[in-house]
Amino acid sequence: MDASRRHRIAEALPPAVLPLLEQLGAREDVEAAGFLRPSEAVVRWAGRTWRRRTWGDSQGLHVNRGVFDQLLLSAAMRAGVRVIHSARVRRLACEGSGGWSIEADTPEGPRMVRATFSVDASGRGGLLRGQKRRLSADTVALSGHWADVRIDGEHSRTEAGQDCWYWAGALPDGSWSATVFVAPDRLKPRHGDLAEVYVRLLADSELLSGLTSGRLISAVRACSATPEVDDGPVGVGWIKVGDAALAHDPLSSQGVQSALSHALAAACVVHTLLTETVSPDVPLSFYADRIRHAAEHHRRLAGAQYHEQNQHSPSPFWAARSVTPVVSPIVPRDFPRDPNRVLVRAAEARLRPTPVVDGDVIRLMRAVEHPRIDGAVAFLGRDYLPPLVETMETPKPLRELLCEWSALIPPDRASLVLAWLWRHHVIEEAENTRPVRPVWT
Ligand SMILES: Cc1cc2nc3c(=O)[nH]c(=O)nc-3n(C[C@H](O)[C@H](O)[C@H](O)COP(=O)(O)OP(=O)(O)OC[C@H]3O[C@@H](n4cnc5c(N)ncnc54)[C@H](O)[C@@H]3O)c2cc1C
């Protein structure tokens with residue numbers, strides 16, 4: 001484990017990381033670490049400048065990645081993980097017997113580790129071989145760390161520039177970390193060295209002009225920020241997590257959250273493969289589908305933001321990253337609150353066996369599918385949907401339905417589940433539905 005090569009200093013994490021950190025036993029330490037928790041961000045995009053409540057009413061974090069990673073490492077050690085500090089893996093080889101031999105350089109000299117299972121969490125570079133699919137145009141991030149800046153407040157700043165975009169975030173000591181995202185051709189030698197290009201680009205920014213009157217106190221570093229996915233992220237005996245499987249566009253600020261959440265799912269996949277509770281196809285397809293879905297979802301989210309900027313100020317930089325937003329298939333409609341309204345399962349809604357997380361294993365369980373749902377959904381929070389959907393095989397008034405559900409689910413959650421099923425067209429008013437086909441396929 002080599003946590004010493006952390007170049008990017010500040011990163012913004014959404015509040016959704018907190019429940020994940022709680023699951024990992026690291027939330028308390030992260031919340032006590034004194035990271036800034038700004039509630040607003042200043043954004044200049046598509047011709048407007050505004051202050052945005054960063055994450056609605058919740059607060060995210062501006063972490064110092066070096067400190068954050070150390071806190072995660074300590075939590076792992078508390079949970080019983082044996083860590084070989086400052087080890088750099090040089091070679092990872094699959095042995096004939098199915099295990100792995102891992103050669104690492106450590107401060108004490110070379111070291112060999114044998115393992116039954118390999119988890120590649122080495123970031124974009126990836127230790128295990130594989131084919132990466134680019135999700136957007138090549139992008140390079142140039143980052144530096146600034147002191148004595150003239151910027152009011154501690155709100156992060158995101159700005160669309162001419163042919164680049166900027167992100168900057170403050171650290172508790174008043175210093176700032178600032179990154180410019182550009183196309184790789186901006187780094188050709190004729191434009192000057194890295195630091196010159198970086199400072200010149202920052203000088204063009206409206207929101208970050210107060211930085212360049214300060215002092216650049218780090219070297220300027222360049223790294224890839226191209227979003228990419230590995231469509232084969234798992235096999236029997238190995239798995240890729242975090243950026244090694246799927247690297248998001250940094251515009252989303254979701255890379256860390258996604259790495260944590262996929263790693264938690266990966267732990268269940270590994271557990272299932274090692275305990276052989278089901279056929280390996282079940283956990284393998286679960287993980288590969290999950291990564292593929294997440295890649296597509298984030299490609300569209302980030303692409304829509306570039307599209308917005310390209311509509312305002314067209315240029316090859318924005319066009320190359322744009323994705324035209326798809327009109328949501330979810331049409332808002334009022335839930336029929338009249339208890340005498342008759343509801344029934346929609347003909348297109350089916351229950352299909354699908355690999356899902358159940359506790360710490362992946363199993364085949366029935367899940368709800370509908371053309372308007374992205375993928376299949378088994379649980380809404382803790383509530384398992386199929387038995388609830390099955391009660392709607394025959395048309396019945398809402399009051400009768402809720403009475404039947406009271407044996408299956410508490411009333412406060414019943415109304416949430418009903419509203420979700422209604423919004424996603426899994427249930428319909430009886431008079432609007434065609435004859436219902438059997439729920440099993
Ligand atoms: C410029 C930029 C800005 C970003 N900003 C944000 C943001 O604001 N918010 C956000 O959520 N995400 C952001 N991201 C994305 C985020 O940084 C990544 O998604 C996240 O760090 C992925 O975590 P990871 O553990 O998979 O990989 P990494 O964080 O890259 O960690 C990989 C680790 O593996 C170690 N390693 C690599 N090779 C070896 C080896 N051979 N032996 C031993 N150890 C090794 C590395 O030293 C490192 O410690 C940004 C990304 C970029 C490029």
Side-chain angles (χ1 to χ4, degrees), residues 1-17 20-21 24 35-36 38 41 54-55 60-66 68-70 72-73 76 83-92 102-107 110-111 113 118-128 136 138-145 156-158 164-171 177-182 198 220-230 233 239-264 266 291 294-295 298 302:
M1 158 79 213
D2 180 4
S4 61
R5 296 174 176 241
R6 177 63 60 204
H7 303 322
R8 286 186 300 283
I9 295 165
E11 283 188 1
L13 310 188
V17 295
L20 300 173
L21 293 172
L24 295 168
F35 295 132
L36 293 181
T54 348
W55 308 102
L61 300 149
H62 269 188
V63 297
N64 174 323
R65 272 304 299 271
F68 179 75
D69 288 7
Q70 284 303 331
L72 290 189
L73 195 56
V83 175
I84 305 172
H85 287 281
S86 304
R88 185 126 199 105
V89 175
R90 189 169 8 100
R91 194 164 162 273
L92 191 69
I102 301 158
E103 289 170 32
D105 293 324
T106 75
R111 181 152 175 190
V113 177
S118 254
V119 178
D120 184 354
S122 62
R124 284 170 171 271
L127 277 163
L128 290 167
S136 185
D138 278 337
T139 304
V140 178
L142 301 179
S143 305
H145 188 192
S156 69
R157 283 152 191 254
T158 304
C164 65
W165 66 275
Y166 306 91
W167 184 86
L171 291 159
S177 175
T179 303
V180 191
F181 297 86
V182 289
Y198 172 71
V220 174
R221 305 230 184 230
C223 70
S224 169
T226 309
E228 54 187 22
V229 63
D230 189 324
I239 194 163
K240 300 180 183 184
V241 298
D243 280 8
L246 167 60
H248 291 300
D249 192 313
L251 191 54
S252 71
S253 288
Q254 305 235 329
V256 171
Q257 180 200 337
S258 159
L260 293 174
S261 117
H262 293 315
L264 282 163
I291 295 290
H298 283 273

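From a predicted model like this one, the values you see are computed outputs, not experimental measurements. The figures that follow rest on heavy atoms only: side chains count, while hydrogens, waters and symmetry mates do not. In each ligand, atom 1 is the first atom listed, and ligand 1 is the first ligand listed.
- Neither the backbone nor the side chain of Ala104 comes within contact range of ligand 1; no heavy atom lies under 4.0 Å.
- If you number the atoms of ligand 1 from 1 as listed, the ones under 4.0 Å from a heavy atom of Gly242 come out as 26 (O).
- One N or O on the side chain of Thr226 and one on the backbone of Thr139 form a donor-acceptor pair closer than 3.5 Å.
- The residues Asp230 and Lys240 are annotated as salt-bridged, a charged nitrogen and a carboxylate oxygen being separated by less than 4.0 angstrom.
- The backbone N or O of Gly144 lies less than 3.5 Å from a partner atom in the side chain of Tyr198, making a donor-acceptor pair.
- Here Pro250 has side-chain heavy atoms under 4.0 Å from ligand 1, and that is the only part of it that gets that close.
- When each atom of ligand 1 is checked for a heavy atom of Phe181 under 4.0 Å away, the hits are 1 (C).
- Looking at Gly255 next to ligand 1, an N or O pair under 3.5 Å apart turns up.
- Residue contacts with ligand 1: Trp167 is placed with no nitrogen or oxygen under 3.5 Å of a nitrogen or oxygen of the ligand (distance criterion only).
- The atoms of ligand 1 that sit less than 4.0 Å from any heavy atom of Ser224 are 53 (C).
- With hydrogens and angles disregarded, a donor-acceptor distance shorter than 3.5 Å links the side chain of Ser122 to the backbone of Leu127.
- Listed by atom number, the atoms of ligand 1 under 4.0 Å from Ala121 heavy atoms are 32 (C), 33 (C), 34 (O).
- For the pair Ser253 and ligand 1, a heavy-atom separation below 4.0 Å is found.
- Checked against Phe68 for a side-chain contact (heavy atoms from CB on, under 4.5 Å), the options Val17, Val63, Leu73 give a single hit: Val63.
- Distances between N or O atoms of Ala141 and those of ligand 1 include no value under 3.5 Å.
- Those atoms of ligand 1 with a heavy atom of Leu13 less than 4.0 angstrom away are 11 (O).
- With a heavy-atom cut-off of 4.0 Å, Arg65 touches ligand 1 through its side chain alone.
- The shortest distance between side-chain heavy atoms of His248 and Asp243 does not fall below 4.5 Å.
- Within the 4.0 Å heavy-atom criterion, the part of Leu127 lying near ligand 1 is the side chain and not the backbone.
- In Ala87, the part holding a heavy atom less than 4.0 Å from any atom of ligand 1 is the backbone.
- Taking the six-membered ring where tryptophan is involved, the planes of Trp165 and Phe181 are essentially parallel, since the angle between them stays under 30° and well short of 60°.
- By the 3.5 Å distance cut-off applied to N or O atoms, Glu11 is counted among the residues near ligand 1.
- Within the 4.5 Å cutoff, no side-chain heavy atoms of Asp120 are placed close to those of Ile239.
- Contact between Ile291 and Leu246 at its shortest, heavy atoms only, is O-CD2, 3.9 Å.
- In this structure, Ala247 has no heavy atom closer than 4.0 Å to ligand 1.
- Looking at Leu260 and Leu72, their side chains come closer than 4.5 Å, going by heavy atoms from C-beta outward.
- Comparing Asp69, Val63, Val89 against atom 40 (C) of ligand 1, the shortest heavy-atom distance belongs to Val89.
- Here's the thing with Ala12: one of its N/O atoms is less than 3.5 angstrom from an N/O atom of ligand 1.
- Other residues, nucleotides and ligands place no more than 12 heavy atoms under 6.0 Å from the CZ atom of Arg111.
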